[in-house]
Amino acid sequence: HLDKKKVALEGKKLLAKLPELKAPFISLMIGGKTKEGDYTTEELQWLVSKASQLANSVNGSLLITTSRRANKSISGELIKHITAPYFFYDWHEAKAQDNPYLGFLSISDYFIVTGESVSTCSEILSTGKPLYLYRKENVLYKKHIKFLDYLNNLGYTRYLKNETSALEKCDYRPLQEADKICQII
């Protein structure tokens, strides 16, 4: 799924579709409901506003995607709060066609992700790029919280907070756990 050549190719395709946007690119990946709870409209509005502020501070652009778990009706409300140049992929509207996810992995300089998506976090960490997590206790399972804290304590991630005024580069070796397992086998 994360073949490096395929990811690079998808990045080139995405860049060709977005000539009006300029780097640095900040991907905002919005998940959604779990059995524990869901994000409120106000929480997601804050998230989009904060991502816009961070993109504007570096004269960059936002690459935003929702997931299948995101509230189907939230996209229109979120777009009202975007103040930076952006591309918005609504998973429900597109019905998962032309999903730019691999392109996002390729061209993004930074990532902001809602914390309930363990697979998305893991895939981003395989890129070696900075990952900021939006952590809301009322949405996360205990296993999510434990996973996020583990990554944060090891320096792989940072939490996105009110005080976050700039995105910083991270210094970690990209996680390539599948490669390690293949070598062991």
Side-chain angles (χ1 to χ4, degrees), residues 1-32 44 47-48 50-70 74-75 78-79 81-134 148 151 155-158 160 164 166-183:
H1 167 63
L2 289 181
D3 175 84
K4 289 180 183 180
K5 289 180 184 178
K6 183 177 180 181
V7 170
L9 177 63
E10 292 299 316
K12 287 179 184 178
K13 287 182 190 177
L14 183 59
L15 281 173
K17 293 179 185 178
L18 308 173
E20 72 284 359
L21 297 183
K22 59 183 178 178
F25 293 108
I26 300 169
S27 279
L28 173 58
M29 299 181 175
I30 301 169
L44 293 178
L47 182 59
V48 167
K50 184 59 143 176
S52 291
Q53 172 195 354
L54 294 166
N56 284 328
S57 74
V58 293
N59 295 317
S61 304
L62 288 174
L63 305 174
I64 304 170
T65 184
T66 60
S67 77
R68 63 181 166 77
R69 284 180 282 99
I74 197 71
S75 296
L78 295 181
I79 288 173
H81 294 273
I82 302 170
T83 60
Y86 71 93
F87 167 78
F88 194 103
Y89 178 82
D90 183 334
W91 195 90
H92 299 289
E93 286 292 316
K95 297 182 174 68
Q97 296 172 359
D98 298 320
N99 189 332
Y101 178 70
L102 294 179
F104 281 20
L105 289 179
S106 176
I107 69 172
S108 294
D109 299 287
Y110 302 93
F111 293 89
I112 300 171
V113 177
T114 54
E116 81 290 339
S117 183
V118 170
S119 59
T120 300
C121 292
S122 300
E123 289 168 351
I124 291 168
L125 290 174
S126 75
T127 70
K129 297 177 184 180
L131 172 57
Y132 282 76
L133 299 168
Y134 182 59
L148 298 181
L151 294 175
Y156 287 108
T157 64
R158 292 184 174 87
L160 187 70
T164 306
L167 299 177
E168 302 169 358
K169 295 286 183 186
C170 297
D171 186 26
Y172 68 88
R173 172 179 256 149
L175 297 179
Q176 301 293 329
E177 303 311 295
D179 290 346
K180 288 180 186 174
I181 292 169
C182 286
Q183 290 174 2

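Scope of the values below: all heavy atoms of this structure, side chains included, with no hydrogens, waters or symmetry mates.
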Would you mind reporting whether [Y] and [X] have side-chain heavy atoms less than 4.5 Å apart?
X: Ile30; Y: Leu78; answer: yes
X: Phe111; Y: Cys121; answer: no
X: Leu133; Y: Leu131; answer: yes
X: Leu54; Y: Leu160; answer: yes
X: Ser106; Y: Leu14; answer: no
X: Phe87; Y: Phe25; answer: no
X: Thr157; Y: Leu125; answer: yes
X: Asp90; Y: Thr65; answer: no

Open item on the list: I'd like to know whether Leu167 forms a side-chain contact (heavy atoms from CB on, under 4.5 Å) with Tyr132, so could you lay out the CA-CA distance, the side-chain angles of the two residues, the decisive distance to 0.1 Å, and finally the verdict.
Closed with: CA-CA 8 Å; Leu167 299 177; Tyr132 282 76; 3.5 Å; yes

Do you know which two heavy atoms are closest between [X] and [Y], and how far apart they sit?
X: Thr66; Y: Ala70; value: CB-CB, 3.9 Å
X: Ser61; Y: Lys22; value: OG-O, 2.8 Å
X: Asp109; Y: Pro24; value: OD2-CA, 3.0 Å
X: Ile79; Y: Tyr86; value: CG2-OH, 3.3 Å
X: Pro85; Y: Gly60; value: CD-O, 3.6 Å
X: Ser52; Y: His81; value: OG-O, 3.8 Å

- [ ] Report yes or no: is the cationic atom of Lys169 (NZ for Lys, CZ for Arg) closer than 6.0 Å to the six-membered ring centre of Tyr110, at no more than 45° off its axis?
- [x] yes

Measure from the side-chain N and O atoms of [X] to the backbone N and O of [Y], and report whether any donor-acceptor pair falls under 3.5 Å.
X: Lys129; Y: Leu105; result: yes
X: Thr120; Y: Ser117; result: no
X: Lys50; Y: Thr164; result: yes
X: Thr114; Y: Gly31; result: yes
X: Tyr156; Y: Asp171; result: no

TODO: Apply side-chain contact (heavy atoms from CB on, under 4.5 Å) to the pair Met29 and Ile112, showing each step before the final yes or no.
DONE: CA-CA 6 Å; Met29 299 181 175; Ile112 300 171; over 6 Å; no

Task: Derivation and outcome, side-chain contact (heavy atoms from CB on, under 4.5 Å), residues Cys170 and Arg158 - done: CA-CA 9 Å; Cys170 297; Arg158 292 184 174 87; 2.9 Å; yes

To the nearest 0.5 Å, what is the distance between [atom1] ([X]) and [atom2] ([Y])?
X: Asp3; Y: Leu9; atom1: CG; atom2: CG; result: 10.0 Å
X: Ile64; Y: Ser27; atom1: CD1; atom2: OG; result: 9.5 Å
X: Glu20; Y: Leu18; atom1: CD; atom2: CG; result: 6.0 Å
X: Ile107; Y: Lys13; atom1: CD1; atom2: NZ; result: 13.5 Å

- [ ] Give the C-alpha distance, both sets of side-chain angles, the deciding distance and a yes or no for side-chain contact (heavy atoms from CB on, under 4.5 Å) between Leu47 and Leu28.
- [x] CA-CA 9 Å; Leu47 182 59; Leu28 173 58; 3.8 Å; yes

Task: Glu10 and Tyr101: side chain donor to acceptor below 3.5 Å - done: no

